[in-house]
Amino acid sequence: PNRNSNVNKWITSFNFGSVLFKGANSHNMIRRIASPSIALARRSGRMLNEDTRARRGVKRVNVGRRRREVTTIAFDGRDVSYFNGGGDLSISTPSTESLIPTDGSITSVAAKNCDTSSSNSQESFMNQIEQWVAMNPKTAPYKAEEALSRLWVAQQEVFSEDPSGDAPILISTESVNRVMKAWEHSGLGIVAAERAERLLRWMEEDLQGARAALLPRADYHSYASVISSWSKAAITESAKPCKSQVVTNSRGRVKQTMISQSTKIGFECAKQSEEMLMKMQREHERRLQEDGAYTDELQPDTALFHHVLRGWSEIKGGTKASATRAIRILDLMQELRHHQSHSESWQGLRFFKILPNLTTYKLAIKAWTSAVHTPEGPDRAEEILRHMLSMSSAGNAADISPDLHCFHMVMSAHAELVRKKRARSDDGVPSVERARKVTALVEWLDLISMRNSKLRPTAETLRIAMHAWVYSHHVDAPQEVEYILSRLIRTDSAETEDYNTLINACSFARGVGVGVIDEDDIDALVQKQMTHLHLFGMAEQALQSLLSSSTAKADSATFSGILRACTNLVPDTDERDAKVLELFRLAYQTEPCDSAVAKATSPERKQSPAGGGCVDANVLRQLRKSLPTTEAYIKARERFESYRLLRAGSSNESAH
């Protein structure tokens, strides 16, 4: 519409772009969106009143090179119970003046647009929401809520025109639930959860009167949508980027990582999800007392408890508090299950609605493995895993027998804590002890797999253990990694990264566990050199195994690691310089592995040049550190360039 158009004229000509409310005091609201983006209108909405309508009816929004017109006229909904409560949302505060005439002409238009047949109207309404969700799930709930408001206005008008009580019902519980489901799947975080909860409160508290029994009433699916919306909001809000908060010591090193604001918001959303579940349980018990007979209309089941558990377990940057709240939910499920199984009043009824299963315990394990701000998370997760094994072995709960994913979550949590804390974690447990715990879980799987083939360790299982030992930088790490690599080779599962891991484990094991050695103690110095030479021999043997492997090929990371191992482990003599040049010559004479992924992810300046074999910028940088003088490095580069140009030229000739 242009600046001088009549409001009533463009209301009647636009089907779903306008919204109309009629309250108890005949206030009216219209929201006109001429832009294809509802979100733009919501963000740039302007509150217009009688003084500003004449001079500013259109708000222009620049989007790229296009100019979109957005006009919004808001309504004071204080007299409409739908808007009561709801907290501080991201929408603008409604204006206190009504801009739409109150003679009833607008509401009659809305009534005419609604089908008088209630079943057809509800079916077309839900089909329209499905189309909106398929087109754009982020704008669909706004459109669905606007369409729902039109149905509610039409329903009120039908009631006023037909006081006999035989008026058709245009809005049902399924219709409102479909709108709440659109908010649930919109991915809008806390905004979607708040709007879904407002619809739930509207059905619970605000639909009163003589015809209240005919109007929508909250059911299981209504509560499920709100609980799931808050759970998803916890995950979405906690994953939003925010400025990291750290505490440093006098040297500027990170002493303690503070909990981010996003994690705190996610914690509050998960708390809201839990409170909605408790509210649903209280409402279920209240209806049982009022009706006198058992009904499971609002009885929470395992799926709803899983929604709440998922909110607590998948918060990014979880804490000990979030993991403890998840365990509380698990304890509550077990308590309700025990009560329903042993209480005489529940005998013969559907008490199986709450039954902890494998997914329940997985979420509890994940809650502790995601608690990055507490060092006891992996240990508590392992306790739950061992509890599951003991219960399933005793035959008390065969349906909670852990699978490989449970073991992998616990092992990965131990390995991640080793990577972050290195020598010693905050709880005083050395990193090597956590690496040994990972190895113990692998050995445990080997024993269990004799009875259950589904729990046989896979290549992923062995790689988690391998990384835990490498992160520990312990003197025993190379031997442990070599044993794990041999298992991968026997099953034809070894990849290039696995060989590189062993080479790096050898190169970084220098000096770890050796202690202070007196320079005059010749025997100790000789023993140290022998240990280092043994480690370098392991790295060189891994390189030879990789070059002769039929399932993996060497790359630039392989030769960068072997050059580093030679520099760190071999004594600084002319023999080491000759060995470095020999390894470098082998690097540019070896055909690189054709990895399209590596070429796509690495910058062009770091890729191997044409005819350069496995030599890239990292190999050249390590070569410069390994050679004693600049002249030796320049000579090695000249020989490499001569070989590369000759090889590139022969490749071009063969191509032509």
Side-chain angles (χ1 to χ4, degrees), residues 459 462-463 466-467 469-470 477-478 481-509 535-570 576-627 633 636-637 639-644 646-648 650-651:
L462 298 176
R463 289 190 180 101
M466 181 184 294
H467 292 159
W469 277 106
V470 173
V481 174
E482 184 183 28
Y483 171 72
I484 298 174
L485 178 60
S486 65
R487 294 187 58 174
L488 289 171
I489 294 175
R490 286 196 300 268
T491 58
D492 293 333
S493 303
E495 299 179 355
T496 304
E497 290 76 8
D498 301 327
Y499 292 94
N500 295 345
T501 301
L502 175 56
I503 295 174
N504 291 327
C506 295
S507 63
F508 288 121
L535 293 176
F536 179 71
M538 293 174 57
E540 197 170 14
Q541 184 178 1
L543 174 63
Q544 297 299 328
S545 299
L546 177 58
L547 294 177
S548 60
S549 174
S550 58
T551 60
K553 289 186 178 181
D555 57 4
S556 59
T558 306
F559 288 97
S560 177
I562 195 65
L563 288 175
R564 186 187 304 109
C566 184
T567 305
N568 293 343
L569 302 174
V570 179
R576 189 185 77 174
D577 299 339
K579 191 65 178 180
V580 167
L581 293 176
E582 178 185 351
L583 292 173
F584 180 65
R585 191 180 308 110
L586 182 61
Y588 63 74
Q589 291 177 357
T590 303
E591 290 288 341
C593 58
D594 298 331
S595 177
V597 177
K599 292 181 179 179
T601 57
S602 60
E604 184 178 357
R605 62 185 180 83
K606 291 187 177 182
Q607 295 181 8
S608 301
C614 294
V615 175
D616 62 356
N618 292 328
V619 176
L620 294 175
R621 188 181 299 111
Q622 188 59 48
L623 176 67
R624 180 64 187 88
K625 295 178 181 179
S626 302
L627 292 177
Y633 173 72
R637 283 292 304 270
R639 288 192 292 269
F640 163 66
E641 291 297 332
S642 301
Y643 180 86
R644 185 185 68 82
L646 180 62
R647 191 174 182 180
S650 61
S651 299

List the atom pairs, with distances to 0.1 Å, where a side-chain N or O of residues 485-492 and a protein N or O form a donor-acceptor pair under 3.5 Å, not counting sequence neighbours.
from   : atom 1 : to     : atom 2 : distance (Å)
Ser486 : OG     : Tyr483 : O      : 2.4
Arg487 : NH1    : Asp446 : OD2    : 3.2
Arg487 : NH2    : Asp446 : OD1    : 3.3
Thr491 : OG1    : Arg487 : O      : 3.2
Thr491 : OG1    : Leu488 : O      : 3.1
Thr491 : OG1    : Ser493 : OG     : 3.2

### Message
Any heavy-atom pair between the side chains of Leu620 and Tyr633 that's under 4.5 Å?
### Response
yes
### Query
With distance as the sole test, does Asn500 use its side chain to make a donor-acceptor pair with the main-chain N or O of Ile503 at under 3.5 Å?
no
### Query
Side-chain contact, heavy-atom cut-off 4.5 Å: Phe640 with Val615?
yes
### Query
Hey, is the main chain of Tyr588 close enough, under 3.5 Å, to the side chain of Arg647 for a donor-acceptor pair?
yes
### Task
Would you mind reporting whether Met466 and Glu482 have side-chain heavy atoms less than 4.5 Å apart?
no
### Message
Within the 4.5 Å heavy-atom criterion, are Gln589 and Tyr643 side-chain neighbours or not?
### Response
yes
### Task
Report yes or no: does Ser545 contribute a side-chain atom to a donor-acceptor pair with the main-chain N or O of Gln541 at less than 3.5 Å?
yes
### Heavy-atom closest pair, residues Ala542 and Tyr499
O-CD2, 3.6 Å
## Note on the structure
Tightest non-hydrogen contact, residues Leu546 and Ala554, listed as CD2-CA, 3.7 Å
### Query
Do Leu586 and Leu543 pass the side-chain contact (heavy atoms from CB on, under 4.5 Å) test, and can you show the C-alpha distance, the side-chain angles, and the key distance before you say yes or no?
CA-CA 11 Å; Leu586 182 61; Leu543 174 63; 4.2 Å; yes
### Query
Passes side-chain contact (heavy atoms from CB on, under 4.5 Å), Leu581 versus Leu627? Steps please.
CA-CA 8 Å; Leu581 293 176; Leu627 292 177; 4.0 Å; yes
### Query
Rounded to the nearest 0.5 Å, what separation is found between the CG atom of Asp616 and the CZ atom of Arg621?
8.5 Å
### Query
Counting distance only, does the side-chain N/O of Asn568 pair as donor-acceptor with the main-chain N or O of Ala565 below 3.5 Å?
no
### Query
Counting only N and O atoms by type, is there a donor-acceptor contact under 3.5 Å from the side chain of Arg576 to the main-chain atoms of Thr567?
yes
#### Entry: Distance, nearest 0.5 Å, that separates CG of Leu583 from CZ of Arg564
13.0 Å
### Query
Do Thr501 and Asp498 get their side chains close enough for a donor-acceptor pair, meaning under 3.5 Å?
no
### Message
Less than 4.5 Å apart, side chain to side chain, heavy atoms only: is that true for Arg463 and Glu495?
### Response
yes
### Task
For side-chain contact (heavy atoms from CB on, under 4.5 Å), just list the numbers for Phe584 and Phe559, CA-CA rounded to whole Å, side-chain angles, deciding distance to a tenth of an Å, and then say yes or no.
CA-CA 8 Å; Phe584 180 65; Phe559 288 97; over 6 Å; no
### Message
Main chain of Lys553, side chain of Thr496: is a donor-acceptor contact present, judged purely on distance under 3.5 Å?
### Response
yes
### Query
Between Ser507 (side chain) and Asn504 (backbone), is there a donor-acceptor pair under 3.5 Å?
yes
### Task
Enter the distance from Glu540:CD to Ile562:CD1 here, rounded to the nearest 0.5 Å.
6.0 Å
### Minimum-distance pair of heavy atoms, taken over all atoms of Ala494 and Ala552
O-CB, 4.2 Å
### Arg644/Glu641 ion pair, N-O < 4.0 Å
yes
#### Entry: Minimum heavy-atom distance Cys506-Pro478, with the two atoms named
SG-CB, 3.9 Å
### Task
Would you mind reporting whether Gln622 and Ser626 have side-chain heavy atoms less than 4.5 Å apart?
yes
